[in-house]
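One-based numbering, in listed order, for ligands and for the atoms of each. Just so you know, these numbers use all the heavy atoms, side chains as well, and skip hydrogens, waters and symmetry mates. Numbering of residues begins at 1 and proceeds along the displayed sequence.
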Amino acid sequence: MAKLSTTRDRPAGDIARERIPPGQVVTLKFPVLHHGSVPSIDLASWDFQVFGLVQQPLRLTYDDILALPRERVVADIHCVTGWSKLDTEWEGVKFRELVQHIDVLPQARFVEVRAEAGFTTSLPLDVIDDDDVLLAYIYDGAPLTPEHGWPLRLVVPKKYFWKSAKWVRGLEFMARDRLGFWERNGYNNSADPWKEERYA
Ligand SMILES: Nc1nc2c(c(=O)[nH]1)N[C@H]1C(S)=C(S)[C@@H](COP(=O)(O)O)O[C@H]1N2
Ligand SMILES: [Mo]
């Protein structure tokens, strides 16, 4: 078979295949996956709290979140159950924007993402502090639906999608890591889809 060297010479299918990590299949649907039930949320009492190894804890209302610069991230997402979805489009507040309003102490190395009903996941600070990490409230041009994480969810495209916590309520900055819900239940804490880090 002829070797094709430039992007222009290759069929579209080959290009897409390069974007699909090993063991994944592309879906055009948007599956819903989570533990437990979709929480019912009252925005009047909803808040987002930043605490732990920070100079000054922060408490944001939903209006505070909406008042921060709104940015867009287009990314491929990969679920550990085997589906990938290409070019998903999210809007919200970038972690990098939010962190500009926080004095993170130098000892902080990890972030625990806190969500409704006690759900947590964690990420090294240098992983969450990246240009494509978003606290999203819009998916595909419309407000997030409750089952996909309304009013606010994290999107961390470069990790398996369980690290993208739905219904987020805060961030704790920590010196040492703390395993999250799925990570305590057998999932790999590093969760890199390109290395197939599915299970611990
Ligand atoms: N709060 C919360 N967020 C969660 C989960 C969960 O159980 N609770 N499951 C994760 C898993 S395993 C996946 S695959 C994605 C699914 O997101 P989706 O339902 O929007 O496709 O949400 C992640 N975020
Ligand atoms: Mo998942």
Side-chain angles (χ1 to χ4, degrees), residues 19-43 45-50 60 62 65 72-93 95 110-124 127-128 130 132-172 177-200:
R19 292 166 58 181
I20 304 160
Q24 296 292 111
V25 173
V26 168
T27 183
L28 300 176
K29 296 183 267 221
F30 194 0
V32 171
L33 282 152
H34 52 261
H35 174 77
S37 50
V38 176
S40 56
I41 288 159
D42 174 14
L43 281 189
S45 57
W46 186 95
D47 64 6
F48 189 87
Q49 297 197 26
V50 180
L60 301 171
Y62 201 60
I65 297 277
R72 199 169 77 111
V73 167
V74 178
D76 303 343
I77 56 177
H78 312 289
C79 175
V80 71
T81 59
W83 56 267
S84 291
K85 190 169 173 60
L86 304 183
D87 294 320
T88 63
E89 195 184 314
W90 308 86
E91 287 171 69
V93 180
F95 177 87
F110 297 90
V111 175
E112 182 170 77
V113 183
R114 301 273 187 101
E116 297 283 345
F119 181 89
T120 64
T121 187
S122 70
L123 292 155
V127 171
I128 196 170
D130 204 348
D132 61 356
V133 174
L134 193 69
L135 291 158
Y137 48 82
I138 289 175
Y139 171 75
D140 207 13
L144 277 183
T145 57
E147 62 269 26
H148 285 299
W150 182 90
L152 193 67
R153 83 172 297 163
L154 187 68
V155 179
V156 187
K158 62 185 170 300
K159 296 296 187 180
Y160 280 123
F161 210 37
W162 83 78
K163 294 274 185 188
S164 293
K166 304 193 272 193
W167 314 299
V168 290
R169 292 294 301 271
L171 303 173
E172 180 177 349
D177 201 3
R178 198 185 287 145
L179 291 183
F181 175 82
W182 289 113
E183 294 84 352
R184 287 194 306 276
N185 284 281
Y187 285 10
N188 187 300
N189 194 35
S190 172
D192 182 344
W194 296 99
K195 298 183 188 158
E196 277 210 89
E197 293 172 334
R198 296 175 192 273
Y199 307 106

Next item on the list: Report yes if Leu33 has an N/O atom closer than 3.5 Å to an N/O atom of ligand 1; otherwise report no.
Entry: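 Leu33 vs ligand 1: N/O contact under 3.5 Å present.
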Notebook entry, point to check: ligand 1 and Ser164, any nitrogen or oxygen pair closer than 3.5 angstrom?
Noted result: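 Yes; at least one N/O pair falls below 3.5 Å.
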To the closest 0.5 Å, what do you measure between [atom1] ([X]) and [atom2] ([Y])?
| X | Y | atom1 | atom2 | result |
| --- | --- | --- | --- | --- |
| Leu154 | Leu134 | CG | CG | 8.0 Å |
| Thr145 | Phe30 | OG1 | CZ | 7.5 Å |
| Tyr139 | Glu91 | OH | CD | 12.0 Å |
| Thr121 | Asn189 | OG1 | CG | 7.0 Å |
| Phe161 | Lys85 | CZ | NZ | 10.0 Å |

Next item on the list: Indicate the atoms forming the closest heavy-atom contact of Pro124 with Phe110, along with that distance.
Entry: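 Heavy atoms of Pro124 and Phe110 come nearest at CA-CD2, 3.7 Å.
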Starting from [atom], locate the nearest protein heavy atom and write down its residue, its atom name and how far away it is, to 0.1 Å.
| atom | answer |
| --- | --- |
| atom 9 (N) of ligand 1 | Trp182 NE1, 3.3 Å |
| atom 3 (N) of ligand 1 | Lys166 N, 2.9 Å |
| atom 14 (S) of ligand 1 | Cys79 SG, 3.3 Å |

Check: Which atoms of ligand 1 are found less than 4.0 Å from any heavy atom of His35?
Finding: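 That gives atoms 6 (C), 7 (O) of ligand 1.
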Next item on the list: Find all atoms of ligand 1 within a distance of less than 4.0 Å from any non-hydrogen atom belonging to Ala165, and give their numbers and elements.
Entry: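 Within the 4.0 Å cut-off of Ala165, ligand 1 contributes 3 (N), 24 (N).
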Notebook entry, point to check: Nearest heavy atom to atom 17 (O) of ligand 1: which of Arg153, His34, Lys163, Arg169 does it belong to?
Noted result: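 Of the listed residues, Arg153 has the closest heavy atom.
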Check: Considering only heavy atoms, which of Trp83, Phe30, Trp162, Phe119 lies nearest to atom 5 (C) of ligand 1?
Finding: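 When every heavy atom of Trp83, Phe30, Trp162, Phe119 is considered, Phe119 comes closest to atom 5 (C) of ligand 1.
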Checklist line | Main-chain N/O of Lys158 paired with Lys163 side-chain donor or acceptor, under 3.5 Å | finding: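 No, Lys163 side chain to Lys158 backbone: no donor-acceptor pair under 3.5 Å.
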Notebook entry, point to check: Would you call Arg169 and Asp47 a salt bridge, using N to O less than 4.0 angstrom?
Noted result: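 Answer for the salt bridge query: yes.
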Notebook entry, point to check: Taking heavy atoms and a distance under 4.0 Å, where does Phe181 meet ligand 1: side chain, backbone, both or neither?
Noted result: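 Neither part.
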Next item on the list: Please work out whether any backbone atom (N, CA, C, O) or any side-chain heavy atom from C-beta onward of Pro31 is under 4.0 Å from ligand 1, and answer side chain, backbone, both or neither.
Entry: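 The part of Pro31 near ligand 1 is the backbone, not the side chain.
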